[in-house]
Amino acid sequence: MKKILIQGAMEIETGFLIEQIKKMADYQCLEENGMVFHVGTDGYKKYIVNTTGMGTVNAAMATACALTMLHPTVVVNQGTAGAQNRELSTGDVVLAEEAVNINRLKMPKKKMGEGSDPFCWETGEPSCFQADPVLLELYGRCEYTGGHIVRGRVGTGDIYSREDDRIVWLAEKFGTVCEDMESAAAYQVCQNFETPCVGIRIISNNELLDEEFNEETAVILQQYVWKVTHEYL
């Protein structure tokens, strides 16, 4: 039996999915180490939905806990992201071929009073993790009418970028198209556990286009992920 773990950082990113799990006859709500997992079986698939909490540490902890306790065979980390270029806009979906840690920055030495210049910071060798290629292909199959579906590298960091110049700088330095706070953490843990993982992000806003955060995009993505999971996985 396939065991599919679907993650989202915030309640708005998992609410629709949890509603679907609760409809299943054998629905269970399991709690472990402060984590809550919604579990149900539909045919030959067992579904596990977890709200990880925002940020790299929360994502890593939740993923490790799920893999240790519930042993999913597939992990889908999905949710919202901010665009880093002008080609992506609200509603577009990014299939994360790679996820990279954009927290990995090295600052040059500056004395007291010399100020700070983030554009002089160095990125070093970024920690980059790969999605499972089969899952990447699978989650691009279904028709999606809410925008475009593209593949690209997603940047993950414990930051919320709103400065246009900084957003463009991060994209150029790390080769990323959007940023979130969880993908790379989930990818790294799944790599260590040798469990196939894919990250899927919907653009909730684009600061470069002056778009405001649209929480409705979180529901749109969940509906798409649920449809693809049911029909193809």
Side-chain angles (χ1 to χ4, degrees), residues 4-10 13-14 50-67 72-85 87-88 92-105 123-140 148-161 166-207 217-218 221-222 224-225 228-229 233:
I4 305 159
L5 171 64
I6 308 178
Q7 303 173 304
M10 302 180 287
E13 296 173 333
T14 57
N50 171 236
T51 308
T52 66
M54 295 174 62
T56 55
V57 173
N58 283 330
M61 287 177 58
T63 305
C65 183
L67 289 169
T73 56
V74 172
V75 176
V76 180
N77 184 280
Q78 56 83 49
T80 57
Q84 290 181 322
N85 60 46
E87 286 68 49
L88 292 173
D92 289 338
V93 170
V94 177
L95 302 177
E97 292 180 311
E98 297 178 321
V100 60
N101 182 355
I102 58 175
N103 282 333
R104 191 164 183 174
L105 298 165
T123 59
E125 187 65 30
S127 300
C128 191
F129 307 95
Q130 312 293 319
D132 179 81
V134 175
L135 292 176
L136 267 180
E137 182 68 26
L138 184 148
Y139 278 93
H148 299 96
I149 295 182
V150 301
R151 294 190 182 192
R153 177 183 284 188
V154 172
T156 297
D158 292 310
I159 56 175
Y160 193 107
S161 299
R166 184 67 170 170
I167 290 169
V168 172
W169 183 88
L170 285 168
E172 291 176 348
K173 290 294 184 180
F174 290 98
T176 49
V177 299
C178 66
E179 62 183 79
D180 67 10
M181 298 184 182
E182 296 84 28
S183 291
Y187 274 31
Q188 183 174 4
V189 174
C190 286
Q191 177 178 293
N192 289 346
F193 278 78
E194 299 183 343
T195 301
C197 180
V198 65
I200 308 169
R201 284 295 183 274
I202 191 166
I203 301 302
S204 59
N205 67 302
N206 188 331
E207 296 287 351
T217 57
L221 181 61
Q222 289 171 76
Y224 180 77
V225 167
V228 177
T229 303
L233 187 57

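These values consider heavy atoms only, across backbone and side chains, with no hydrogens, waters or symmetry-generated copies. Note that the structure is predicted; figures quoted are calculated from it, not measured.
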Check the pair E207, N205 against side-chain contact (heavy atoms from CB on, under 4.5 Å), reporting the backbone distance first and the verdict last. CA-CA 6 Å; E207 296 287 351; N205 67 302; 3.4 Å; yes

Tell me, with the steps shown, if Y187 and E98 meet side-chain contact (heavy atoms from CB on, under 4.5 Å). CA-CA 9 Å; Y187 274 31; E98 297 178 321; 5.9 Å; no

side-chain contact (heavy atoms from CB on, under 4.5 Å) for L135 and V75? Distances and angles first, verdict last. CA-CA 9 Å; L135 292 176; V75 176; over 6 Å; no

Intermediate values then yes/no, side-chain contact (heavy atoms from CB on, under 4.5 Å), V93 and I200: CA-CA 7 Å; V93 170; I200 308 169; 3.7 Å; yes

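With rounding to the nearest 0.5 angstrom, the CG atom of L136 is 6.0 Å from the CG atom of L95. Once rounded to the nearest 0.5 Å, the distance linking CD of E97 with SG of C128 reads 10.5 Å. Taking CG of N58 as the start and OG1 of T63 as the end, the distance is 10.0 Å to the nearest 0.5 Å. For the atom pair CG of L105 and CG of L170, the computed distance is 7.0 Å after rounding to the nearest 0.5 Å. Taken from CG in L233 to CD1 in I4, the straight-line distance is 4.0 Å, to the nearest 0.5 Å.
Crowding of M61 atom CE: a count of heavy atoms from other residues, nucleotides or ligands under 6.0 Å not exceeding 12.
The closest side-chain heavy-atom distance from L67 to P72 is below 4.5 Å. Proximity of Y139 to V76: side-chain heavy atoms (C-beta onward) are separated by under 4.5 Å at one or more points. A 4.5 Å side-chain heavy-atom check between I149 and Y224 finds at least one atom pair inside the cut-off. Side-chain contact check for T195 versus L5: every heavy-atom pair is 4.5 Å or farther apart. The shortest distance between side-chain heavy atoms of N50 and T14 does not fall below 4.5 Å. Between N85 and V177, the closest side-chain pair of non-hydrogen atoms falls below 4.5 Å.
In terms of modelled atom types and a separation under 3.5 Å, the side chain of S204 and the main chain of A81 share a donor-acceptor contact.
In this structure, E137 pairs ionically with R151, as a charged nitrogen and a carboxylate oxygen lie closer than 4.0 Å. A salt bridge links E182 to R201: at least one charged side-chain nitrogen sits closer than 4.0 Å to a carboxylate oxygen.
The shortest heavy-atom contact between E87 and D92 is O-OD2, 4.0 Å. What you find for V94 and G152 is that their closest heavy atoms are CG1-N, 4.2 Å. A9 and T52 make their closest contact through CA-OG1, 3.4 Å (heavy atoms, listed as atom of the first residue, atom of the second, distance). Q7 and A186 make their closest contact through OE1-CB, 3.8 Å (heavy atoms, listed as atom of the first residue, atom of the second, distance). Minimum heavy-atom separation, F174 to R104: CZ-O, 4.0 Å. A pairwise comparison of heavy atoms in G155 and I102 identifies CA-CG2, 3.8 Å as the closest pair.
Side-chain atoms of T80 and E13 include a donor-acceptor pair closer than 3.5 Å.
Checking T56, N101, N103, V100 one by one against T156, the side chain to side chain contact (heavy atoms under 4.5 Å, CB included) holds for a single residue, T56. The side chain to side chain contact (heavy atoms under 4.5 Å, CB included) test with C178 singles out one residue from V150, I167, N206, I203, and that residue is I203. Of the listed residues (E179, Q84, R166), just one forms a side chain to side chain donor-acceptor pair (under 3.5 Å) with S161, and that residue is E179.
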